[in-house]
Chemist: 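Handing you a structure now.
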Amino acid sequence: MDQAPGSPQGPKDQGSQDDAQSVPTCYRHPNRETGVRCSRCERPICPECMVSASVGFQCPECVRGGSGTGHPTAASRPRTLAGGTVAADPRLFTKVLIGINLALFLVQQAVGDRFTDSFDLIGRAYVPLLGSVEGIAEGQWYRLLTSMFLHGSYIHILFNMLSLWWIGGPLEAALGRARYLALYFVSGFAGSALTYLLAAPNQPSLGASGAIFGLFGATGVLMRRLNYDMRPLIGLLVVNLIFTFTPAFGISWQAHIGGLVGGVVVGYAMVHAPRERRALVQYGVCAVVLVAVVVATLVRTAQLT
């Protein structure tokens, strides 16, 4: 969500039209353009620095300095754009998710295909290495989750982890940790469910791409809300979709599309929920998407058994 730096400004000229039309940048992150200002000190702030206040947004310094209402600072905890608690390390859970993915990839390399075949996403098929019929239709619903943390090659995990770091960190800072995790896992489950519903039952699938496409979708919603230039994100998404639907790459398009749709739906609820019922709307929408995941899984299981 980083924005391109604004054009260099020359010496101040009272009649200069360029100065009047220049876009302000965040006072803590000079390379990020923003149209939002702190409601107390009026300094420009980017999404990572925004703290939701009773009226508008405040910068971290004003929040630490007190609520301005006569109450102790602790009486009004700093909040993110989506209502989450501002954390000291805004990328902590992104780092944890990357660590889990890398750790399980090392296990895959050490143990071999037997481990991967035990936890990837497969509808219903005989797996020679395990010597039995395996799959979600056999009651192995955990594969909807475990497949989100497995990868098929070094290139596969490298690309996914770079995408997770680039898109996940700023989004975690903007939403807060709990909402970010909810978005990640709901999007991942949506991608897994659509794959199970539409893909061939004997076609294995694995990877964090569904969840990451959900982060792409939510980032687009957030950037739209903040009136950011969405062209870089759209361009990156278009390139990814071209790869997704190119048969030579053998990518599960169902996981990508399911995760993207889930991310847009949940992201819209996170960003646009009314303040007075924010948590109810945000987590309520997450629950609705999860219900759709369960229904799709039950329907497909009935078809395969």
Chemist: Do the side-chain N and O atoms of N160 and S209 include a donor-acceptor pair separated by under 3.5 angstrom?
Modeler: yes

Chemist: A quick test of your reading: do over 12 heavy atoms of other residues, nucleotides or ligands sit less than 6.0 Å from OH of Y283?
Modeler: yes

Chemist: Is there a path of hydrophobic side-chain contacts, each under 4.5 Å between heavy atoms of I/L/V/M/F/W/Y residues, joining F185 to V294?
Modeler: yes

Chemist: Determine whether more than 12 heavy atoms belonging to other residues, nucleotides or ligands lie under 6.0 Å from atom CD of E276.
Modeler: yes

Chemist: Using atom types as modelled and distance alone, determine if a side-chain donor or acceptor of T195 lies under 3.5 Å from a backbone N or O of A255.
Modeler: yes

Chemist: Between Q58 and M50, is there a donor-acceptor pair closer than 3.5 Å when you use the side chain of the first and the backbone of the second?
Modeler: no

Chemist: Is there side-chain contact between F149 and L206, with heavy atoms separated by less than 4.5 Å?
Modeler: no

Chemist: Has R225 got more than 12 heavy atoms of other residues, nucleotides or ligands less than 6.0 Å from its CZ?
Modeler: yes

Chemist: Check whether R43 reaches the backbone of C38 with its side chain - one donor and one acceptor, N or O, closer than 3.5 Å.
Modeler: no

Chemist: Mark yes or no for whether R124, through its side chain, and I136, through its backbone, hold a donor-acceptor pair below 3.5 Å.
Modeler: no

Chemist: Check side-chain hydrogen bond (donor to acceptor under 3.5 Å, both in side chains) between Y184 and all other residues, then give those that pass, not counting sequence neighbours.
Modeler: none

Chemist: Backbone N or O of A279 within a donor-acceptor pair of the R179 side chain at under 3.5 Å?
Modeler: no

Chemist: Quick one: are L97 and Y180 in side-chain contact, heavy atoms under 4.5 Å?
Modeler: yes

Chemist: So among L92, T94, V96, which one has a side chain to side chain contact (heavy atoms under 4.5 Å, CB included) with R177?
Modeler: L92

Chemist: Report yes or no: do F93 and I100 belong to one cluster of Ile/Leu/Val/Met/Phe/Trp/Tyr joined by side chain heavy-atom distances under 4.5 Å?
Modeler: yes

Chemist: Within the side chain of S192, is there an N or O that forms a donor-acceptor pair under 3.5 Å with the backbone of L144?
Modeler: yes

Chemist: Over 60° means perpendicular and under 30° means parallel, so tell me whether H151 and H156 are parallel, tilted or perpendicular.
Modeler: perpendicular

Chemist: Between the side chains of T25 and E33, does any donor sit under 3.5 Å from an acceptor?
Modeler: no

Chemist: Can you tell me how far CZ of F119 sits from CE of M148, rounded to the nearest 0.5 angstrom?
Modeler: 15.0 Å

Chemist: Should the heavy atoms of other residues, nucleotides or ligands under 6.0 Å from CD1 of I155 be counted, would the total exceed 12?
Modeler: no

Chemist: Taking the side chain as every heavy atom from C-beta outward, state whether W166 and M161 have any atom pair closer than 4.5 Å.
Modeler: no

Chemist: Quick check on ring pair (Phe, Tyr, Trp, His ring centres under 6.0 Å): which of F243, F213, F216 does H256 satisfy it with?
Modeler: F213

Chemist: Is any NZ, NE, NH1 or NH2 atom of the basic residue among R143 and E134 found under 4.0 Å from an Asp or Glu carboxylate oxygen of the other?
Modeler: yes

